[in-house]
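Note sheet for the following structure.
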Amino acid sequence: MKRIAVLASGRGTNLEAILEAVERGDIAGEVALVISDQETAQALQRAERRGVKALYLNPKDYGGREQYDQAIVDQLKEARIDLVALAGFMRLLTPFFVNAFPQQIMNIHPSLLPAFPGLDGVEQALAYGVKVTGCTVHFVDQGLDTGPVILQEAVPVIQQDTVETLHQRIHASEHRLYPTAIDLFCNDKLKVEGRRCMIIE
Ligand code: GAR
């Protein structure tokens, strides 16, 4: 059974979808730890409600980004974590963190990467005027949303869309896609060859 940690800064609806999938038996793993950089993140309450260990680590308590990431990595190692799932974790990981978990960190992003990386992926897509956007689950490397793509799902943009309505439909898509990608990892079905992530049949 793989041990998963989820890192989240905000509402935590992706965390909730992951926890529900674990409970249904749709993910062959368990969420052993949730960490947030925001004291009031709803994600922490969602974890506690389901009896999952939830930890708030305040970046201001550490000397810098590397020291902060060291503290997170210490917690992850202590909890014997196999997979780190970033779910709305709004910090760029340092190389130290990425190297501590090679091909073991995933992220979900609200666009079809490589389009619209970084902050506000939904706003960027709407402002650009694309007719199709979506979401991407990818492995995390040292760049900003640049790691190998694991799964993607398209979401059409409709004329009446606002950032909120579009993000709502992207969220629905994320809540299907992320648990699927995590389950593939937990079943050792993902293999990265260069930039391409293959699904082993
Ligand atoms: C999600 O839409 C996720 O794709 C996005 O933050 C949202 C978190 O929602 N992540 C990024 O934009 C990362 N650059 P949630 O807290 O309800 O899961």
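When reading the values below, keep in mind they use all heavy atoms of this one structure, side chains included, and skip hydrogens, waters and symmetry mates. Atoms within a ligand are numbered from 1 in the order they appear, just like the ligands themselves.
- Remark: the backbone N or O of Pro156 is paired with a side-chain donor or acceptor of Arg169 at under 3.5 angstrom.
- Side chain of Gln67 to backbone of Asp61: no donor-acceptor contact under 3.5 angstrom is found.
- Between Leu113 and Gln152, the closest heavy-atom pair is O-NE2, 3.0 Å.
- Side-chain contact, Ser9 with Gln38: no donor N or O sits under 3.5 Å from an acceptor N or O.
- Using a 4.0 Å cut-off between a side-chain N of Lys or Arg and a carboxylate O of Asp or Glu, Glu16 and Arg11 do not qualify as a salt bridge.
- Residues passing the side chain to side chain donor-acceptor pair (under 3.5 Å) test with Thr180: none are found, sequence neighbours excluded.
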For ligand 1, what N or O to protein N or O distances fall under 3.5 Å?
from	atom 1	to	atom 2	distance (Å)
ligand 1	2 (O)	His167	NE2	2.8
ligand 1	2 (O)	Glu174	OE1	2.9
ligand 1	2 (O)	Glu174	OE2	3.1
ligand 1	4 (O)	Ile108	O	3.4
ligand 1	4 (O)	Pro110	N	3.4
ligand 1	4 (O)	Glu174	OE2	2.4
ligand 1	9 (O)	His171	NE2	3.0
ligand 1	14 (N)	His109	ND1	3.4
ligand 1	16 (O)	Arg11	N	3.4
ligand 1	16 (O)	Gly12	N	2.8
ligand 1	17 (O)	Thr13	N	2.9
ligand 1	17 (O)	Thr13	OG1	2.5
ligand 1	17 (O)	His171	NE2	3.3
ligand 1	18 (O)	Thr13	N	3.4
ligand 1	18 (O)	Asn14	N	2.9
ligand 1	18 (O)	Asn14	ND2	2.9

